[in-house]
A.B. asks: 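If you scroll down you'll find the structure; I have some questions about it.
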There are 2 protein chains.
Amino acid sequence: MSNQTAFRALADPTRRDILTALSDGEMTVKQLTERFPMTRAAVKKHLVILEVGGLLTSRKQGRETLNKLNPEGLKPVTDWLAYFDQFWDTHLTNLQSVFDKKD
Amino acid sequence: MSNQTAFRALADPTRRDILTALSDGEMTVKQLTERFPMTRAAVKKHLVILEVGGLLTSRKQGRETLNKLNPEGLKPVTDWLAYFDQFWDTHLTNLQSVFDKKD
DNA sequence: TAAAAGAGATACCTTACGGTATCACAAATA
DNA sequence: TATTTGTGATACCGTAAGGTATCTCTTTTA
């Protein structure tokens with residue numbers, strides 16, 4: 001999944017909360033809706049965006065749809081962020097950082 | 001800076017590219033505008049959002065404004081993401097992960 | 001000192017976004 | 001079988017987001 005779809009999926013606080021909720025395990029659309037102050041249709045929209053972003057997978061079981069966290073989908077995000085670790089003072093001293101960049 | 005403002009700031013690809021550009025060092029609004037296919041006003045808007053999100057700082061020098069990357073602003077994001085490391089198979093084995101969650 | 005350059009502010013436009021209401025449909029159940 | 005339940009899809013609404021055009025202000029510079 002592209003960098004952009006994942007970042008976009010994480011931009012909304014409700015969607016981040018959905019991911020946190022799913023860290024407890026698979027949940028149906030109904031179960032998720034009970035945890036959020038909005039309609040099922042709204043939750044469903046968020047789920048689609050999260051799935052497109054590669055952050056969750058879904059499978060049908062009878063009339064229910066189970067949504068499962070896909071932690072690997074966070075990789076494009078953590079990868080992008082990792083580049084900036086070199087500029088982070090708490091990771092490297094200023095001197096070390098300057099040294100790395102000059103070489 | 002709040003979790004949300006930082007996530008929102010990172011949601012736009014142009015803003016992420018601006019941060020990457022600033023990893024080369026401080027840049028003026030004009031210098032940044034030369035690197036992106038949009039007007040100075042548009043770049044400026046992105047800079048404001050990035051500054052509100054705590055991802056950069058700016059200072060005036062004469063008639064120019066220098067924009068500097070603030071890597072520490074990424075901390076709320078990396079902190080939020082860190083929670084999901086425990087669900088990442090490449091970090092822990094499945095068995096270990098199950099074990100951790102049951103206890 | 002007059003003109004040019006860098007920047008901020010604001011009005012405005014179009015589209016994307018988050019949300020609800022509603023309809024339709026398949027699966028479980030009384 | 002009739003009905004309820006869980007879901008998907010779509011139309012619609014109000015607001016936020018990304019962008020341009022334009023005006024103004026301050027600082028350089030010719």
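Every chain is numbered from 1 and lettered A, B, ... according to where its sequence line falls, protein lines coming before strand lines. None of the values given here were measured: they were computed from a predicted structure.
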A.B. asks: Would you indicate, yes or no, if D/dA17 has its OP1 or OP2 atom less than 4.0 angstrom from a side-chain nitrogen or oxygen of B/H46?
C.D. replies: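 Result: no.
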
A.B. asks: Using whole Å, report how far CD1 of A/I49 lies from C1' of D/dG8.
C.D. replies: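 Spelled out: CD1 on A/I49 to C1' on D/dG8 is 15 Å.
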
A.B. asks: Of the nucleotides C/dG8, D/dG6, D/dT20, which one has an atom closest to the side chain of B/K45?
C.D. replies: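 Nucleotide nearest to B/K45's side chain: D/dT20.
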
A.B. asks: So for B/R40 and C/dG8, does any side-chain atom that can act as donor or acceptor lie under 3.5 Å from a complementary atom in the base?
C.D. replies: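 Side chain to base: pair present.
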
A.B. asks: To the nearest Å, how far apart are B/M38 CE and D/dA17 C1'?
C.D. replies: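 Nearest whole value for this atom pair: 13 Å.
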
A.B. asks: Between A/N67 and A/S58 (side chain of the first, backbone of the second, donor and acceptor by atom type, cut-off under 3.5 Å), is there such a pair?
C.D. replies: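 Side chain of A/N67 to backbone of A/S58, a donor-acceptor pair under 3.5 Å: no, none is there.
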
A.B. asks: Closer than 4.0 Å, any side-chain N/O of B/T65 to the OP1 or OP2 of C/dG6?
C.D. replies: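 B/T65 to C/dG6 OP1/OP2: no side-chain N or O under 4.0 Å.
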
A.B. asks: Figure out the CD/P separation between B/E26 and C/dA7, and round it to whole Å.
C.D. replies: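 After rounding, the gap between these two atoms is 12 Å.
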
A.B. asks: Write down the distance between CG (A/L47) and P (C/dG19), rounded to a whole number of angstrom.
C.D. replies: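 Rounding to the nearest Å, CG of A/L47 and P of C/dG19 are 12 Å apart.
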
A.B. asks: Any side-chain N or O of B/R63 less than 4.0 Å from the OP1 or OP2 oxygen of D/dC25?
C.D. replies: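 No, no such contact exists.
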
A.B. asks: Using the side-chain contact (heavy atoms from CB on, under 4.5 Å) rule, take A/H46 and A/L32 through it: C-alpha gap first, then chi angles, then the decisive distance, then the call.
C.D. replies: CA-CA 11 Å; A/H46 286 307; A/L32 280 168; over 6 Å; no

A.B. asks: Treat each ILVMFWY residue as a node, draw an edge where side-chain heavy atoms are under 4.5 Å apart, and state whether B/L50 and B/L66 are in one component.
C.D. replies: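 Hydrophobic grouping puts B/L50 apart from B/L66.
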
